[in-house]
Amino acid sequence: MAWNSFLQPSRNLRKLGLLGMNQRNGDYVLRYNPRKFYPLVDDKLRTKKLAQSVGIAVPELYAVIEAEYQIAKLPALLEAYDDFVVKPAHGSGGEGILIIKGRRNGCFRKLNGTLLSCAEVGYHISNILSGMYSLGGQPDVALIEYRVDFDPVFDQVSYQGVPDIRTIVFRGIPVMSMLRLPTRQSDGKANLHQGAIGVGIDLVNGLTTCGVWHEDLIEAHPDSGYSINGLAIPGWENIMQLSAGCRELVSLGYIGVDIVLDSRLGPLMLEINARPGLSIQLANKKGLLPRLQAVEKIKTIPASLVERVVLAKQIYRQC
Amino acid sequence: MINLKNLHVKLLALILIVLSATITFYKVTELKLPLMPVEEADLWTVEAKVTYKASPGPSKVTLLLPKQVPGFILLDENFVSGRYGLTLEDNDLNRIGQWAVRRSKGEQTLYYRMQLIPGEKEKFKDKTPTYPQPVEYPEIMRTAVTVLLEEVRSKSADIKTFAHELLIRLNEPNADDNIKLLRTEATTPRAWVQREISILQGANIPSRQVNLLVLTDGARHSKLVPWLQVHNGQRWLAFNPKTAESGFPANAIIWYYGDAPLLSVIGGKSEKVDFSVYKQSQGMAALTQQRAGKINPKIMGFSLFNLPVQTQNVYRILVMVPLGALLIVVLRNIVGLKTFGTFMPILIGMAFRETELLWGLFLFSVLIALGLMIRFYLEYLRLLLVPRLAAVLIIVIILMTLLSLLTHKLGIDRGLSIALFPMVIIAMTIERMSLVWEEHGPSEALQQCAGSLLVASFSFLIMTNALLEHLMFVFPELLFMLLACTMLLGRYTGYRLSELWRFRSVILKG
């Protein structure tokens, strides 16, 4: 035992190329994400409009609620929709998202079957407006949008919510992806720290590899028991190209792109994160660092999305 | 680019560290500011009061003054002399203060005052005397001296033992006739010391008279005591001229060297000097700052001790806050602890200053627990965010009031200090905690609460450490050092300790 053997765990992490929080912030987020472009991703309304303007598919926006008085008109606003999602424009970490799937007896039905009155939905929106879910408690606006009718391919491995695909895109090249599967515990949400499962994805063929739940490695969905390994994600090339294209959309170098698969509309871009989490490394059992460094070595990134995806697959094979 | 930025930060930090270390080093070595907190020190004030009756016309008063006071540090001195002109002169070992006035009449009073604190023995440049010329003693004494010196010489080994033996014989109560003869006409202490000096001169031993002032608290009308010093070839040895004891009495200072009169007045009569001495205990830090200010007024012009005492007390706390901030940086970015709010734990830690740690933790937990319960009830009322926050704030203040009243009724005065808790911070903590509780479950909320309290306790312990408080207040330039440390930590991109745990499944696999 050397005197500095207590450093061993840290050295192991380094050897595996795991990216730590400090390094993510210091070497990637602070360096590649200019502050002035943050509002583009922090405000989901702006991201959505921006994406629509360049033809990137996003869930359709039904309504924006900006002021308390609009809540009174909620029943009229929502009349045409049975299914919808309410989310804060400045939310973070999937907080404040309310998913409504159908109506019953004049009430809205949450994903888990709980019934909410219109007033309760109104209270939720009011909380969003007062800034309860926004960073720093700033007043916010609430978005009401199309509820993704997710592709049945994940039916057996997700509990009620919308599974999504998170891809880290560095300088326009996808470097790591994971499939996020909601569980009973995550209340239909796809955020890992809320109890969703993260499943690593082989970038070359779009097959899932292995999963992590609460930072433990798992092979089957805890609610359904179905295996989560070896699932083929439909339209993988498309998803990769869609993710890669988001770099130009928001001018940020290091982003996490969230994409959902709609059964009718195909891949839709949900949101972009300027400070994507680190758990994706656990889901893939791989560190981000070697891939990030490989991308850093590339002098000029090709403009063509197809070429970028080819590059991404090369890098994936190497590390 | 990244390396350049790192280099930039490192260089800047290096400059700040060198700057702060240099100033601190200078203040410690040159200005003698203490590195350790010293509570109190004795401050001696010695006052020499000169009085005489002036004859009409000009008069001139000469008073011998100490030049240096070995074992003490002279903090301050001043002369209170009214219309008199004052000149100070230096001779080898003494200073001579001269007051002069063109016209004076009647009773005159002049003061000289100095302030001393015990300090290191400063190097005193004493001169090595030349060997004295043999003296011609009066006829009757000559034989007595020769006999005495012969006897003493045979019973001594060196100058020290010689002088000691000689003084013992000269002061023996049952003295023989020879000694009695030598004692004639030496009735005053000063004359007796002079007699001893002249006898030592007969043995070719240089010696001199020094005049001591014994520092006794509350002494008034003190007089100087003549003492004997004998040179052994290397240094001066002190002896009590009456008992032959070696050394000086405790707390004595040498006022002047030699046998010249302490005070002489031209143009006046019945002159006398009265010494009065008193001792005060003073904050050492303030005293040493005062002393340092005498050495280098430019640097010490920036000392926090120059501020009014009330402001000083505020800054005593303020300069500790950066330490707490550094602690937060370490605990959050290197350890990876989760807390409510970034600097909230520091504010809680500062509130603990008044309540003490355990009481602080207890009161804080009670307050948060009660507040949280009421907050859950408010959730049910569906209040909008800002009114809800205001309601929580009001409830926190009501709870604080009730707790204070209750503990006062129970006779626990500690409970009263709850009033010093930062209530806005507590209200925000309750609000955040209830959100975390709702969204991530009670275990996450309790974890973050425990983390915050842990950090608050750490920051309390650091911010109330007496040594650190002393260092930060006396050497505020250490703030640059703290700034440099936080900047270096700001470029730390290594793993957090918590990440070793978070990624443990990968580590184990690897």
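Chain identifiers are assigned alphabetically (A, B, ...) following the order of the sequence lines, protein sequences preceding nucleic acid strands; residue numbering begins at 1 within each chain.
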Exercise: identify the closest heavy-atom pair between A/Leu13 and B/Phe503: CD2-CB, 3.7 Å
For A/Arg14 and B/Gly494, which heavy atoms make the closest approach, and how far apart are they? NH2-CA, 3.7 Å
Answer yes or no: are there more than 12 heavy-atom neighbours, outside [X] itself, under 6.0 Å from its atom [atom1]?
X	atom1	result
B/Met423	CE	no
B/Phe480	CZ	no
B/Phe458	CZ	no

Please determine whether side chain to side chain contact (heavy atoms under 4.5 Å, CB included) holds for the pair A/Ser130 and B/Val386, giving the CA-CA distance in whole Å, both sets of side-chain angles, and the decisive distance to 0.1 Å. CA-CA 7 Å; A/Ser130 57; B/Val386 179; 5.8 Å; no
Quick one: CD on B/Glu379 to CG on A/Asn127, what's the gap to the nearest 0.5 Å? 7.0 Å
OG1/B/Thr493 to CG/A/Leu19 distance, rounded to the nearest 0.5 angstrom? 9.5 Å
Judged by atom type as modelled, is there a donor-acceptor pair below 3.5 Å linking the side chain of [X] to the main-chain atoms of [Y]?
X	Y	value
B/Glu499	A/Met21	yes
B/Asn333	A/Asn22	no
B/Tyr492	A/Gly26	no

If I measure from the heavy atoms of chain B, does A/Leu129 come under 4.5 Å with its side chain, its backbone, both, or neither? neither
Could you look at A/Arg24 and say if it's the side chain, the backbone, both or neither that has a heavy atom under 4.5 Å from chain B? neither
Going by atom type alone, with no hydrogens or angles, which donor-acceptor pairs under 3.5 Å involve a side-chain atom of residues 424-435 of chain B and a protein atom two or more places apart or on another chain?
| residue | atom | partner | partner atom | Å |
| --- | --- | --- | --- | --- |
| B/Thr429 | OG1 | B/Ile425 | O | 2.6 |
| B/Glu431 | OE1 | B/Arg375 | NE | 2.7 |
| B/Glu431 | OE2 | B/Arg375 | NH2 | 3.3 |
| B/Glu431 | OE2 | B/Arg388 | NH2 | 3.2 |
| B/Ser434 | OG | B/Arg375 | NE | 3.3 |
| B/Ser434 | OG | B/Arg375 | NH2 | 3.4 |
| B/Ser434 | OG | B/Glu431 | O | 2.9 |

Which residues pass the side chain to side chain donor-acceptor pair (under 3.5 Å) test with B/Arg353, sequence neighbours left out? none
